[in-house]
**Q** 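Take a look at this one; I'll ask things after.
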Amino acid sequence: MYSKLIILNFPPEVAQKAIVCQLTKKYDLLFNILSAKISNQKEGYMVLELSGTKSDYNRGVRYLKNQGVTVSTPEQQIFKDVEKCTHCGACTAVCPTEALYIKRPEMEVIFDKEKCSICELCILTCPSRAMGLFSEHTETAL
Amino acid sequence: MTQSRLERTYEEINQKIKQGKAVVVTAEEIVGIVREEGVKKAARKVDVVTTGTFAPMCSSGAFLNIGQSKPLVRTTKTLINNVLAYSGVAAVDCYIGATQTCEDDPLNKRHPGDFNYGGGHVIEDLVAGKTVDVEATSYGTDCYPNRSIHKRMTLSDFNNAILCNPRNAYQNYNCAINRSDKIKYTYMGTLKPNMGNANYSTSGELSPLFNDPYLKTIGVGTRIFLGGAQGYVTWTGTQHKSEVERTPGGTPLTPAGTLAVTGDLKEMSAEWLIGQSIRGYGVSLSVGLGIPIPILNEEMLTYTAVSDEDLFTQVIDYGFDYPEGNSKSFGQVSYAELKSGTIMIKGKKIPTVPLSSMVKARKIADLLKKSIQKGKFLLGQPQHLFTE
């Protein structure tokens, strides 16, 4: 299962078209709308968590771009402070993409950035506050 | 040739420790040793088995003496970094409890609350050497006229700082699921609806009281690893129970024994005392604790050889049952199953989530082992046992 967080920007001329639902219908992708502002004939945006196979994902994103939708990825990323992490595992209960998982038999909590959908659920779930947001551009924690 | 029955005394073991000759292994290592060599041989070889656990232990806190001011004060309300410390003791003593929330915390007004700072964090900040803000008030008396003091202090500025935890080292604990259709934010972590996950919090075969299930060597005065320093067992903990259902090997099937422990906070470290923010529930303190089990005889070795396959707990519903005070079991599972990553409950495969850190528990058992091997940690012979 491949899952990624993407930001869609809709120009006014495509904002009224049924586009996002085609991701499921044509490309067998699941989408989870995390944030959206869409109104008829105005510019709009949508933050989606898009999941499926890697090839379906790529085909789906190509479809969006062909429809005139600008697709970008968030500049923020989740990071794990290895000094603060106690390997308690509480975060693995809420991580939707298994980016945070337990390596056995060591019972270490591992963070696989590639699988992270930046849903931010781990940030407030981590009892030791070892998870945070960080911006690639500024390279500083937010 | 008949061999005499193995009996060792605390003095004999301590003598070996002082000479650097004691054979010490962890509670994980002993499992393999007994499988290979058997109980008799292992008991002759091993003197001490070390255990460890690291998890949120809410019933924790510290007595602090903030020192006098001029004119003198008898504090009646003390705030440390805006967290209330109980001041119904004299004159500048107070007790900071791990679960006390910050004064201006919005709590669960917007559910689930974040609980970013509290008593557990104050304790962590103190052992980390950070400066804390101490504000105290009083009604003023003839002998203690001062009504208000305010100072910035680090741990070394306190006259005394004594970690004094009324309930630690729970011998076994529930595995929590949520059978309701709503997400639940509990002290057992976030529980997804419809049995989305099963959370548990014990270090299993490394857990101190699983390795001495009848507390035959653990009593008042037992020296322990506590928060990175040497501490002591002072009594049974609150809610301590010994009359519970047990496996044939003696380990309880439900939460049972607990310990009250104490030690000098000034000697402890922020690696082993960590403030916890438990979403929607509150603040707490994760405590690192380890107990050396002396192999006085074969019986003690048999207890320490217990493995995750032989240790069980009950699956309890925190969606409907637990809040209502019901503890109906939805299944009995072993710690081997729990640590495997999934358990089967009512025909459903549920991912498991540990809240107790095995990585840290292992490190504690190892540190304890090394300091005993080096002769830096002697066994404390209990002056009173809690069992008859």
Side-chain angles (χ1 to χ4, degrees), chain A residues 1-3 30 32-35 49 51 76 78-113 115-134 140-142, chain B residues 28 54-56 112-117 120-121 124 176 178 183 185-192 196-201 203-204 206 270-272 274-286 288 308 336 338-341 350-363:
Chain A
M1 183 76 152
Y2 186 75
S3 183
L30 281 177
N32 184 14
I33 304 175
L34 302 174
S35 170
E49 187 189 336
S51 326
Q76 286 161 13
I78 298 286
F79 72 94
K80 178 174 165 235
D81 186 334
V82 291
E83 295 290 309
K84 278 190 174 174
C85 173
T86 67
H87 301 277
C88 77
C91 57
T92 64
V94 297
C95 180
T97 61
E98 292 180 26
L100 284 156
Y101 66 96
I102 293 181
K103 184 182 167 197
R104 294 166 209 280
E106 296 87 347
M107 300 300 283
E108 280 170 32
V109 174
I110 308 288
F111 176 49
D112 180 353
K113 217 185 229 176
K115 284 187 179 172
C116 176
S117 67
I118 322 179
C119 71
E120 300 180 23
L121 278 173
C122 55
I123 295 177
L124 288 175
T125 301
C126 172
S128 305
R129 296 287 187 258
M131 305 301 296
L133 259 185
F134 127 117
T140 51
L142 297 174
Chain B
E28 275 186 327
F54 183 89
D114 297 354
F115 299 99
N116 286 309
Y117 198 86
H121 299 88
E124 180 188 340
N178 173 12
I183 192 163
Y185 299 94
T186 74
Y187 69 89
M188 289 297 286
T190 302
L191 299 171
K192 288 189 279 196
N197 53 307
N199 294 10
Y200 66 99
S201 184
S203 60
L206 263 182
E271 190 183 350
W272 305 109
I274 300 181
Q276 301 281 281
S277 302
I278 305 173
R279 197 176 187 204
Y281 172 71
V283 287
S284 187
L285 181 71
S286 272
D308 287 331
L338 286 166
K339 285 183 186 173
S340 79
I350 309 176
T352 58
V353 174
L355 302 170
S356 180
S357 169
M358 284 307 296
V359 172
K360 289 228 169 205
R362 223 168 260 144
K363 199 171 170 192

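Letters go in sequence order (proteins before strands), and every chain restarts at 1. Values reported hereafter were calculated over all heavy atoms of this structure, with side chains retained and with hydrogens, waters and symmetry mates removed. Note that the structure is predicted; figures quoted are calculated from it, not measured.
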**Q** Side chain, backbone, both or neither: which part of B:Y281 has a heavy atom under 4.5 Å from chain A?
**A**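 Neither part, no heavy atoms under 4.5 Å.
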
**Q** Counting only non-hydrogen atoms closer than 4.5 Å, does B:I274 touch chain A with its backbone (N, CA, C, O), its side chain (CB onward), both, or neither?
**A**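 Only the side chain of B:I274 comes within 4.5 Å of chain A.
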
**Q** Output yes when a side-chain donor or acceptor of B:K339 lies under 3.5 Å from a complementary backbone atom of A:P105, and no otherwise.
**A**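 Side chain of B:K339 to backbone of A:P105: no pair is present.
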
**Q** Among the options B:G196, B:S277, B:A198, B:S286, pick out the one with the most heavy-atom pairs lying under 4.5 Å from chain A.
**A**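 Looking at each option in turn, the highest pair count goes to B:S277.
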
**Q** So for B:S356, is it side chain, backbone, both, or neither that comes closer than 4.5 Å to the heavy atoms of chain A?
**A**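 The answer is the backbone of B:S356.
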
**Q** Could you look at B:S201 and say if it's the side chain, the backbone, both or neither that has a heavy atom under 4.5 Å from chain A?
**A**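 For B:S201, neither part sits under 4.5 Å from chain A.
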
**Q** Taking NZ in A:K115 as the centre, count heavy atoms belonging to other residues, nucleotides or ligands within less than 6.0 Å. Is the count above 12?
**A**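 Yes - once you tally the heavy atoms of other residues, nucleotides and ligands closer than 6.0 Å, there are more than 12.
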
**Q** Please flag which part of B:F115 lies under 4.5 Å from any non-hydrogen atom of chain A: side chain, backbone, both or neither.
**A**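 Contact with chain A involves the backbone of B:F115 alone.
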
**Q** Highest number of heavy-atom pairs under 4.5 Å with chain B: which of A:R104, A:H87, A:E106, A:E83?
**A**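 Among A:R104, A:H87, A:E106, A:E83, the one with the most close pairs to chain B is A:R104.
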
**Q** Quick one: what part of A:I102 sits under 4.5 Å from any heavy atom of chain B, side chain, backbone, both or neither?
**A**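 For A:I102, the contact with chain B is made by the side chain alone.
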
**Q** Could you look at A:C91 and say if it's the side chain, the backbone, both or neither that has a heavy atom under 4.5 Å from chain B?
**A**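 Neither part, no heavy atoms under 4.5 Å.
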
**Q** For each of A:T86, A:V94, A:T92, A:T125, tally heavy-atom pairs with chain B at distances under 4.5 Å, and name the one with the top tally.
**A**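 Going by pairs under 4.5 Å, I would pick A:T86.
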
**Q** Closest approach of A:L121 and B:R279, non-hydrogen atoms and distance?
**A**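 Taking A:L121 first and B:R279 second, the nearest heavy atoms are CD2-NH1, 4.2 Å.
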
**Q** If you count heavy-atom pairs under 4.5 Å with chain B, which of A:S128, A:C88, A:C126 comes out on top?
**A**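 Top option by heavy-atom pairs under 4.5 Å: A:C88.
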
**Q** So for B:P354, is it side chain, backbone, both, or neither that comes closer than 4.5 Å to the heavy atoms of chain A?
**A**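 For B:P354, backbone and side chain are both near chain A.
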
